[in-house]
Enquirer: 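Handing you this structure, nothing more for now.
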Amino acid sequence: MMQERAARTRSALIQAAALEFEHRGYEGASLSRISETALTSIGGLTFHFRTKRALADSVRSACRASTARHVTEALTSPEPPMVALGSLVTALMRRLETSVEARAAARLRRERLDSGTTGRPEAHVWAPALKSLLARAHATGSLRAGVAPGVAEALIVRLVEGTELSACDLHGGTDTCPHAPSAEQVWGLLLTAIARPGAGA
């Protein structure tokens with residue numbers, strides 16, 4: 001019972017921290033506001049997370065864990081490789097719409113880039129899956145003639161990362177543009193460029 005309550009408190013703190021980082025950034029985030037949002041005390045917060053940096057790391061870890069689940073689903077999908085790839089790419093692009101942890105992690109990454117601090121890019125979680133699925137697509141003749149898997153991979157990585165960065169730039173945060181095309185529309189255009197006709201259906 002105690003362990004379950006502690007797990008719920010920790011989860012609530014990560015959610016509250018994600019909201020705080022999303023709207024105020026790392027420097028503007030307040031531990032007292034986070035504890036209030038999570039309905040716990042400062043003592044309860046510091047029991048689970050000694051520092052604001054530890055909270056930020058946990059928010060990023062939660063985002064990576066969610067991304068890893070999308071990767072696993074794509075790699076184990078019984079669908080043709082281009083269909084599985086499309087599911088993964090659209091899921092990656094929709095993260096900013098569906099996940100507060102993803103939006104917070106995006107803002108934290110952008111702030112780190114703006115400050116000149118480097119770190120391991122988030123794409124390391126999902127780029128290997130792109131390589132694997134594109135290799136399968138190439139082996140089954142699903143890629144358009146003349147499209148090398150490496151070129152398609154680089155294009156998709158830039159597209160996904162660019163979607164995240166443009167959302168961060170839009171209003172200085174992670175709001176999505178109301179007139180932006182959907183993830184499915186973007187993937188449909190990309191599919192036309194890299195896939196043999198009918199391969200992604």
Side-chain angles (χ1 to χ4, degrees), residues 2-74 88-130 156-177 180 183:
M2 290 285 290
Q3 289 181 334
E4 291 178 4
R5 186 163 59 193
R8 286 196 299 270
T9 299
R10 181 182 176 86
S11 177
L13 284 166
I14 291 173
Q15 283 282 310
L19 283 168
E20 184 77 359
F21 291 135
E22 175 192 3
H23 293 294
R24 301 178 184 272
Y26 182 81
E27 293 299 330
S30 161
L31 293 182
S32 62
R33 277 194 300 267
I34 291 171
S35 65
E36 288 173 9
T37 302
L39 302 179
T40 190
S41 64
I42 281 289
L45 185 155
T46 55
F47 174 79
H48 290 279
F49 303 99
R50 297 288 297 274
T51 64
K52 185 160 64 171
R53 177 61 60 192
L55 261 174
D57 289 343
S58 292
V59 168
R60 284 189 286 259
S61 293
C63 177
R64 286 193 295 269
S66 174
T67 300
R69 287 191 291 272
H70 290 307
V71 167
T72 299
E73 289 172 5
L88 176 58
V89 172
T90 53
L92 291 172
M93 293 180 66
R94 279 199 303 262
R95 290 177 303 171
L96 294 180
E97 301 172 12
T98 61
S99 169
V100 64
E101 292 95 341
R103 293 192 296 272
R107 178 159 184 174
L108 291 169
R109 276 193 298 276
R110 184 53 188 265
E111 289 178 349
R112 191 172 57 200
L113 287 172
D114 288 344
S115 69
T117 303
T118 58
R120 195 174 191 188
E122 197 265 349
H124 81 274
V125 178
W126 47 266
L130 298 186
I156 295 171
V157 169
R158 286 180 178 272
L159 175 67
V160 173
E161 291 185 332
T163 299
E164 178 180 291
L165 291 176
S166 63
C168 287
D169 283 340
L170 190 59
H171 301 297
T174 51
D175 296 331
T176 53
C177 177

Enquirer: By the side chain to side chain donor-acceptor pair (under 3.5 Å) test, which pairs, at least two apart or in different chains, include something from residues 53-65?
Expert: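 Residue pairs with at least one partner in residues 53-65: Asp57-Arg60, Ser61-Arg64.
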Enquirer: For a 4.5 angstrom cut-off between non-hydrogen side-chain atoms, does Ser11 reach Arg8?
Expert: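 Answer no - side chains too far apart.
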Enquirer: Can any side-chain N or O of Lys52 pair as donor or acceptor with the backbone N or O of Ser30 at less than 3.5 Å?
Expert: no
Enquirer: Which pair of heavy atoms, one from Ser35 and one from Ile42, lies closest together, and at what distance?
Expert: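 Result for this residue pair: OG-CD1, 3.7 Å.
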Enquirer: Would a distance-only check, ignoring hydrogens and angles, find a side-chain to backbone donor-acceptor pair under 3.5 Å from Thr9 to Arg5?
Expert: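 Indeed, once roles are kept as given, a pair shorter than 3.5 Å links the two residues.
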Enquirer: Check Phe21 against Leu55 and note the closest heavy-atom contact, atom names and distance.
Expert: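 Where Phe21 meets Leu55 most closely, the heavy atoms are CE1-C, 4.1 Å.
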Enquirer: Which atom pair, heavy atoms only, marks the closest approach of Val71 to Ala129?
Expert: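 Smallest heavy-atom distance, with atoms named: CG1-CB, 3.6 Å.
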Enquirer: Is a side-chain donor or acceptor of Ser41 paired with a backbone partner of Gly44 at a separation under 3.5 angstrom?
Expert: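 Here the side-chain-to-backbone pair exists.
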Enquirer: Going through the distances and angles, do Arg103 and Glu22 end up as a salt bridge (charged side-chain N to carboxylate O under 4.0 Å, His left out)?
Expert: CA-CA 6 Å; Arg103 293 192 296 272; Glu22 175 192 3; 2.8 Å; yes
Enquirer: Please find the pair of heavy atoms, one from Val59 and one from Ile14, that lie closest to each other, and give the distance.
Expert: CG2-O, 3.8 Å
Enquirer: How many angstroms lie between atom CG of Leu92 and atom CG of Leu88, to the nearest 0.5 angstrom?
Expert: 4.5 Å
Enquirer: Rounded at 0.5 Å granularity, tell me how far CZ in Arg10 sits from NE2 in His48.
Expert: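 Rounded to the nearest 0.5 Å, the CZ-NE2 separation comes out at 7.5 Å.
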Enquirer: Give, for atom CD of Glu101 and atom CG of Leu108, the distance between the pair rounded to the nearest 0.5 Å.
Expert: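 One finds 12.0 Å between CD of Glu101 and CG of Leu108.
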Enquirer: How long is the span from the CG atom in Leu19 to the OG1 atom in Thr37, to the nearest 0.5 Å?
Expert: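 Here the interatomic distance stands at 7.0 Å.
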Enquirer: Take Glu111 and Arg107, measure what salt bridge (charged side-chain N to carboxylate O under 4.0 Å, His left out) needs, and give me the verdict at the end.
Expert: CA-CA 6 Å; Glu111 289 178 349; Arg107 178 159 184 174; 3.3 Å; yes
Enquirer: Looking only at heavy atoms, which two atoms of Glu161 and Trp126 are closest? And how far apart?
Expert: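 That closest heavy-atom pairing would be CG-CZ2, 4.3 Å.
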Enquirer: Taking all non-hydrogen atoms of both residues, which atom of Leu31 and which atom of Leu45 are closest, and how far apart?
Expert: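 Between these two residues, the closest heavy atoms are O-CD1, 3.5 Å.
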Enquirer: Quick check against the 3.5 Å criterion: does Thr98 have a side-chain atom that pairs as donor or acceptor with the backbone of Arg94?
Expert: yes
Enquirer: Evaluate the side-chain proximity of Val89 to Leu130: yes if any heavy-atom separation is below 4.5 Å, no if none is.
Expert: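 Heavy-atom side-chain distance check passes, below 4.5 Å.
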Enquirer: Taking Thr46 for its side chain and Gly43 for its backbone only, find out whether a donor-acceptor pair lies under 3.5 Å.
Expert: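 The answer is yes, because a donor-acceptor pair under 3.5 Å joins these two groups.
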